[in-house]
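Working notes for the structure below.
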Amino acid sequence: AYNIGVFEIKIGKLDEKKSQNPKVKELAAMMIKDHTDLGKDVTALMQKKNVQTPADLPSDLKSAWDDLNKLSGKEFDKKYADINVNGHKDAISLFTEVSKGSKDDDVSKLAADALPVLQKHEDHSTMLLASVSGQ
């Protein structure tokens with residue numbers, strides 16, 4: 001959860017620099033705000049549970065950021081939306097599983113509370129992907 005949030009903020013900030021599409025910028029602003037807020041909750045829970053925050057993103061997320069950073073224009077916008085659709089599908093699956101299956105009530109609650117925000121992100125990302133793909 002921590003890495004997902006950090007990644008979403010990083011690519012959102014990259015979007016602020018690279019995209020010229022107002023709809024893409026709007027999605028990025030929402031991602032930055034919501035994942036910053038969720039990140040505060042995740043970090044607080046990690047501290048409460050004495051879990052260290054990762055020092056850096058895992059290699060798959062670093063690679064995804066690097067690939068996105070190489071793009072520009074419509075290619076960038078489409079890839080940004082695509083990353084968000086797929087990433088949020090994965091996050092929703094993970095958070096659903098954790099909300100129902102965690103033995104820790106605090107972790108279950110955090111995951112359950114995050115699900116509506118993640119679903120909103122997937123919905124917006126799906127609509128944006130259709131828009132930037134010309135569908």
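The first residue in the sequence is number 1, and the count goes up from there. Note that the structure is predicted; figures quoted are calculated from it, not measured.
Linking ILVMFWY residues whenever their side-chain heavy atoms come closer than 4.5 Å, directly or via other members, places Leu115 and Val98 in the same cluster.
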Please tabulate, one pair per line, all N/O donor-acceptor pairs under 3.5 Å involving side-chain atoms of residues 42-61, not counting sequence neighbours.
residue: Thr43; atom: OG1; partner: Gly39; partner atom: O; Å: 2.8
residue: Lys48; atom: NZ; partner: Asp106; partner atom: OD2; Å: 2.9
residue: Lys49; atom: NZ; partner: Asp104; partner atom: OD1; Å: 3.3
residue: Lys49; atom: NZ; partner: Asp104; partner atom: OD2; Å: 2.8
residue: Lys49; atom: NZ; partner: Asp106; partner atom: OD2; Å: 3.1
residue: Asp56; atom: OD2; partner: Lys62; partner atom: NZ; Å: 2.8

What side-chain donor-acceptor pairs closer than 3.5 Å can you find for residues 71-85, not counting sequence neighbours?
residue: Asp77; atom: OD1; partner: Ser19; partner atom: OG; Å: 2.7
residue: Asp82; atom: OD1; partner: Asn86; partner atom: ND2; Å: 3.2
residue: Asn84; atom: ND2; partner: Tyr80; partner atom: O; Å: 3.0

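The side-chain contact (heavy atoms from CB on, under 4.5 Å) check on Glu26 picks up nothing, with sequence neighbours excluded. Applying the side chain to side chain donor-acceptor pair (under 3.5 Å) criterion to Gln119, with sequence neighbours excluded, gives Glu122, Asp123. Lys25 meets the side chain to side chain donor-acceptor pair (under 3.5 Å) test with no other residue; sequence neighbours excluded. For Asp41, there are no side chain to side chain donor-acceptor pair (under 3.5 Å) partners at least two apart in sequence or on another chain. Listed by chain and residue number, Asn21, Leu128, Ser131 satisfy the side-chain contact (heavy atoms from CB on, under 4.5 Å) test with Lys23 (two or more places apart in sequence, or in another chain). For Lys40, there are no side chain to side chain donor-acceptor pair (under 3.5 Å) partners two or more places apart in sequence or in a different chain.
Within the structure, every pair that satisfies the ring-ring contact (aromatic ring centres under 6.0 Å, His included) test and touches residues 9-49, not counting sequence neighbours, is listed here: His35-His88, His35-His121. Pairs engaging residues 44-65 under the ring-ring contact (aromatic ring centres under 6.0 Å, His included) rule: none recorded [sequence neighbours left out]. For residues 85-101, the set of pairs meeting the salt bridge (charged side-chain N to carboxylate O under 4.0 Å, His left out) definition, not counting sequence neighbours, is empty.
Here the straight-line distance linking atom CG of Asp113 with atom CG of Leu118 works out to 11.0 Å at 0.5 Å rounding. Taken from OG1 in Thr36 to CD1 in Ile9, the straight-line distance is 3.5 Å, to the nearest 0.5 Å.
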